[in-house]
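As structure tokens, the structure follows; a few thoughts come after it.
A, B, ... follow the sequence lines: proteins, then strands. Residue 1 opens every chain.
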2 protein chains.
Amino acid sequence: MTDTLRPMPTRTRSYHHGDLRAALLTRAEETLREKGPGALSLRELARDLGVSHAAPSRHFKDKQALLDALALSGFDRMSAVLGASLDGVPEKLPEQVEAVVRAYVGFARDNAALLDLMYSVKHDPEASDALLEATQRWSDLVLRLVAEGQARGEVREGSLEHTALPVFATLHGYADLAVSGMLPPEMDEHGLDVVIAFILRGIRL
Amino acid sequence: MTDTLRPMPTRTRSYHHGDLRAALLTRAEETLREKGPGALSLRELARDLGVSHAAPSRHFKDKQALLDALALSGFDRMSAVLGASLDGVPEKLPEQVEAVVRAYVGFARDNAALLDLMYSVKHDPEASDALLEATQRWSDLVLRLVAEGQARGEVREGSLEHTALPVFATLHGYADLAVSGMLPPEMDEHGLDVVIAFILRGIRL
DNA sequence: CAGCCAATGTAGGCGTCGCCAACAATGCTG
DNA sequence: CAGCATTGTTGGCGACGCCTACATTGGCTG
């Protein structure tokens, strides 16, 4: 559960690796990025790290647990990226929306496979609550933006969730289309501008 | 390649199954719907159909080929559903958009796993051209709607692709969120109305 | 400081999977 | 009706996920 703040001795591999859990996650994400999700194998991961094929099971009870942890760390980083994207941005709706949208799409581009993974942990009935909380953390950011916009009279009235919903949909949908390579490539750049303008039209007074 | 109009003898199983390819696709889609994509195994499929474990390879060179075929049939049916959704709908933008959005989201709900599959065949560099063409067929439908709206003066000016892009994004994004169970359930019904209104605001003059 | 014990890693095995090659039955076609 | 492409069968290979039994380690406690 708690994976931050571990001994992390960084010592030469004797018998105990010292930080196998973190090493597994790191290597797994590299593999995910470079060779796609299909190429993720616990045994190969273990080989890569010079460890026996059953060692990973000490840290992740099964493959899905590793994927969940990967997704969780993805949500954490995404939250950080989105949060940082608002630093120094004037508190006006257009600027804020533009910043967040660009940050989200950028993250999606840089972490396509990971994002896929993050969103496909989904209908797991007992998805770890840590994961659920992580997904909530970044949606809260958008909700706050919309709420503040409403308070400043920049955003139309209406239930917060209902106002923010289409923003999420558009944001997520565009990122997914872009990442999936379903957009004519020349649309890529200008397309983002168009989408941002569309969102702003949709939620403005 | 051509899979429609086959002999389809429907005879008792002797040695040759008679319609194994279609049977594989049908059963595969059931499994996909009922037990998720992870549970799809060629060998199990073969067992279910009372056929040897290597028989499927006569019809699909590998597992991915079967998935591609599944995705292709999904796009075909989706195009049909979306096309049909416009039957008898007045040629006015709001009604047409509402019809198509509801149809798309409905299809997504009824075929969640299949839709996932359809969109993850994506970055396959040599995705069969039949597949590419199928994806294009339904996007053309939305493009046509927007173009007609522009012709009638109901839709803002601008490059067709750029005007339609955010519509796709919102549509796709909402369907994905809904299907992934990432929406508070009470938002489900009214949420669609909200999203439709949002889209209309975004593309209207 | 000694010894115990939980944590961590290893070795091997089981069943399943995708894919391949060799062989067998079928039915279309000349 | 003979030949042959099509379609199915059998068996095998290597890889995978997961399990159990065992080995090594290092921290904690008496």
### Message
Expressed as a whole number of angstroms, how long is the span from A/Phe60:CZ to C/dG9:P?
### Response
11 Å
### Query
In whole Å, what is the span from the CG atom of A/Leu42 to the C1' atom of D/dC19?
14 Å
### Query
Rounded to the Å, how far apart are A/Leu24 CG and D/dG17 P?
12 Å
### Query
Are the aromatic rings of A/Phe198 and B/Phe198 close, with centres under 6.0 Å apart?
yes
### Query
Can you find a donor-acceptor pair, distance only, under 3.5 Å between A/His59 side chain and C/dG9 base?
no
## Note on the structure
Between CZ of B/Arg47 and P of C/dG15 the distance, given in whole Å, is 14 Å
### Message
Checking the side chain of A/Arg33 only, and the main-chain atoms of A/Asp110 only, is there a donor and an acceptor separated by less than 3.5 Å?
### Response
yes
#### Entry: Given C/dC20, C/dC19, D/dG8, the nucleotide with the shortest approach to the side chain of B/Ala54
C/dC20
### Query
Can you tell me if the side-chain N/O atoms of B/Ser41 get under 4.0 Å from OP1 or OP2 in C/dT16?
no
### Task
Look only at the side chain of A/Asp176 and the backbone of A/His172, and say whether a donor-acceptor pair between them is shorter than 3.5 Å.
no
## Note on the structure
For A/Ala134 and A/Asp76 the tightest heavy-atom approach is CB-OD1, 4.4 Å
### Query
Between atom NZ in A/Lys35 and atom P in D/dC16, what is the gap in whole Å?
10 Å
### Task
For C/dT26, take OP1 and OP2 only and decide whether either is under 4.0 Å from a side-chain N or O of B/Arg58.
no
### Query
Is a donor-acceptor pair below 3.5 Å formed from side chain B/His53 to base D/dG8, judging by atom type as modelled?
no
### Query
Hey, is the main chain of A/Gly158 close enough, under 3.5 Å, to the side chain of A/Gln150 for a donor-acceptor pair?
yes
### Task
Could you work out which one of C/dG18, C/dG9, D/dT10 sits closest to the side chain of A/Ala55?
C/dG9
### Task
Return the value, rounded to whole Å, for the distance between atom NZ of B/Lys63 and atom P of C/dC17.
9 Å
### Summary
Rounded to whole Å, CG of A/Leu49 lies from C1' of C/dG9 at a distance of 13 Å
#### Entry: Sugar-phosphate only, base, or nothing, as touched by B/Leu40 at under 4.0 Å among non-hydrogen atoms
sugar-phosphate
### Message
Can you measure A/Asp19 atom CG to C/dG9 atom C1' for me and round it to whole angstrom units?
### Response
15 Å
### Most 5' of A/Ser52 and B/Ser57 on DNA chain C, judged by nearest nucleotide
A/Ser52
